[in-house]
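Report on the structure given below.
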Number of protein chains: 2
Amino acid sequence: MASLAPPDLLAVLADPTRRRLLDLLLDGPRPVGELVGELGASQPSTSKHLRVLREAGLVHVHPDAQRRVYALRPQRLAELDAWLAPYRRLWEGRLDALEAHLDAHPDPEPRRSSR
Amino acid sequence: MASLAPPDLLAVLADPTRRRLLDLLLDGPRPVGELVGELGASQPSTSKHLRVLREAGLVHVHPDAQRRVYALRPQRLAELDAWLAPYRRLWEGRLDALEAHLDAHPDPEPRRSSR
DNA sequence: CGGGAATATGCCCTGCAAGGCATACTCGGA
DNA sequence: TCCGAGTATGCCTTGCAGGGCATATTCCCG
């Protein structure tokens, strides 16, 4: 089951600027102008990033006169959370002990080259 | 080599091939050869991706003769989980009302002239 | 109506990441 | 000691993402 429908999501989140945008939106919806200000990026650049976020379903826009108020849309991130699930079991469980063990022994008992 | 100051974790995960590698490793540690086989990618390419994963702290290598057995290292993913936390609260909680509201406004139409 | 504010788009340019190929390296076994 | 299996690396090329700039677009207001 491809819990992570569009691999896009991770790719979209790969950009620090976009993550910063999401962070800013954590405080609540904001018009582009404000985002531009706090971001320090140019307005066109910001708009483009917002578009990417919008197309990824990570934000939502709500027109207010000539303004566009962007708001967070966290649902999509639930998919990321789902993708993470199988791994979470690993880092949460006692497997960590095994991991630590391996980490401490870069070169344990050599095995036979049997296949 | 900075183990504690990894390259953008999300940037590393942005690559589908690398995610596929992680997925494969969910089943347990494997030598490069096997990974190459199941991945369908070339050996050099696979090795490069593994390197990126390794430098990001997402996998761990354990030499076995001329083989390199790669294993998952989920800890780093916990960071991603942590990053996700503030958003999780949103999609899990009381924001449902807002979401419902947003749902009533199909916004993702770029071209909308019916005003 | 015209002007101006707020935002989106299109185009161009640059840097970087990913793939392919050949090759260097490192073991273990005969 | 030499050979071959298994893996890493270096170099080159290409496609694409992101930034900047100018401009189109859409709206409010006087």
Side-chain angles (χ1 to χ4, degrees), chain A residues 6-21 24-25 29-56 58-71 106-115, chain B residues 1 6-21 24-25 29-56 58-71 107-115:
Chain A
D8 232 36
L9 192 52
L10 272 298
V12 166
L13 294 174
D15 189 292
T17 304
R18 285 194 285 264
R19 263 175 284 160
R20 181 110 177 74
L21 277 172
L24 288 174
L25 290 179
R30 297 193 178 183
V32 177
E34 266 184 49
L35 295 171
V36 168
E38 310 213 31
L39 213 65
S42 76
Q43 178 268 313
S45 174
T46 305
S47 272
K48 286 174 191 171
H49 279 300
L50 285 171
R51 174 182 193 164
V52 173
L53 289 173
R54 194 183 350 133
E55 286 175 346
L58 285 168
V59 299
H60 163 272
V61 75
H62 146 65
D64 168 32
Q66 324 114 27
R67 276 181 197 169
R68 307 285 183 167
V69 178
Y70 280 82
D107 188 42
E109 317 242 352
R111 281 191 187 171
R112 292 289 164 60
S113 42
S114 48
R115 241 211 135 269
Chain B
M1 304 198 325
D8 255 314
L9 191 54
L10 292 202
V12 168
L13 294 175
D15 189 292
T17 303
R18 284 194 285 264
R19 262 175 282 158
R20 181 116 176 69
L21 277 172
L24 288 174
L25 290 178
R30 298 192 178 185
V32 177
E34 266 184 50
L35 295 171
V36 168
E38 309 213 32
L39 212 65
S42 77
Q43 178 269 313
S45 174
T46 304
S47 272
K48 286 174 191 172
H49 280 299
L50 285 171
R51 177 181 191 164
V52 173
L53 288 172
R54 192 180 357 127
E55 286 175 346
L58 285 167
V59 298
H60 167 272
V61 205
H62 147 64
D64 168 33
Q66 324 112 31
R67 278 181 199 173
R68 306 287 182 168
V69 177
Y70 280 81
D107 63 298
E109 287 313 319
R111 280 278 156 246
R112 188 94 193 279
S113 306
S114 53
R115 225 173 142 62

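We name chains A, B, ... by the order of the sequence lines, and we start the count at 1 in each one. Values reported hereafter were calculated over all heavy atoms of this structure, with side chains retained and with hydrogens, waters and symmetry mates removed.
B/R54 places its CZ atom 9 Å from the C1' atom of D/dA8, with the value rounded to the nearest Å. Between B/Q43 atom CD and C/dA18 atom C1' there is a gap of 15 Å when expressed in whole angstrom units. Taking atom OH of residue A/Y70 and atom P of nucleotide C/dA6, one finds them 16 Å apart after rounding to whole Å. The CG atom of A/L35 sits 9 Å away from the P atom of C/dT7 (whole-angstrom rounding). Atom CZ of A/R68 and atom P of C/dA5 are 18 Å apart (whole Å). Atom CD in B/E55 sits about 12 Å away from atom P in C/dA17, given to the nearest Å. Atom CG of B/L10 and atom P of C/dA17 are 15 Å apart (whole Å). In this structure, NZ of B/K48 is placed 9 Å from C1' of D/dC11, rounded to the nearest angstrom.
DNA chain D is contacted by both B/P44 and A/D15; B/P44 maps to the nucleotide lying nearer its 5′ end (nearest heavy atom per residue). Each of B/R51 and A/A65 was matched to the nucleotide of DNA chain D holding its nearest heavy atom; the match closer to the 5' end belongs to B/R51.
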What's the verdict on side-chain contact (heavy atoms from CB on, under 4.5 Å) for A/L58 and A/V52, showing C-alpha distance, side-chain angles and the deciding distance?
CA-CA 9 Å; A/L58 285 168; A/V52 173; over 6 Å; no

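Across D/dC27, C/dG19, D/dC21, the shortest atom-to-atom separation from the side chain of B/S45 is found for C/dG19. In this structure, of D/dT9, C/dT7, C/dA5, it is C/dA5 that holds the atom nearest to the side chain of A/Q66.
The residue B/S42 sits close only to the backbone: its heavy atoms come under 4.0 Å of sugar-phosphate atoms, none of a base. Contacts of A/T46 with the nucleic acid, taken as non-hydrogen atoms under 4.0 Å apart, are absent. Note on B/R18: only backbone sugar-phosphate atoms sit closer than 4.0 angstrom, heavy atoms only; bases stay farther off. Using a 4.0 Å heavy-atom distance criterion, A/P31 is classed as a sugar-phosphate-only contact.
Within the 4.0 Å cut-off from OP1 or OP2 of C/dG19, at least one side-chain nitrogen or oxygen of B/H49 is found.
Side-chain atoms of A/R30 never come within 3.5 Å of backbone atoms of A/V69 as a donor-acceptor pair (strictly under, hydrogens ignored). A donor-acceptor pair under 3.5 Å is absent between the side-chain atoms of A/R18 and the main chain of A/L13, judged by distance alone.
Rounding to the nearest 0.5 Å gives a distance of 11.0 Å between CD of A/Q43 and CG of A/L35. The line from CZ of B/R54 to NE2 of B/H49 is 13.5 Å long, rounded to the nearest 0.5 Å.
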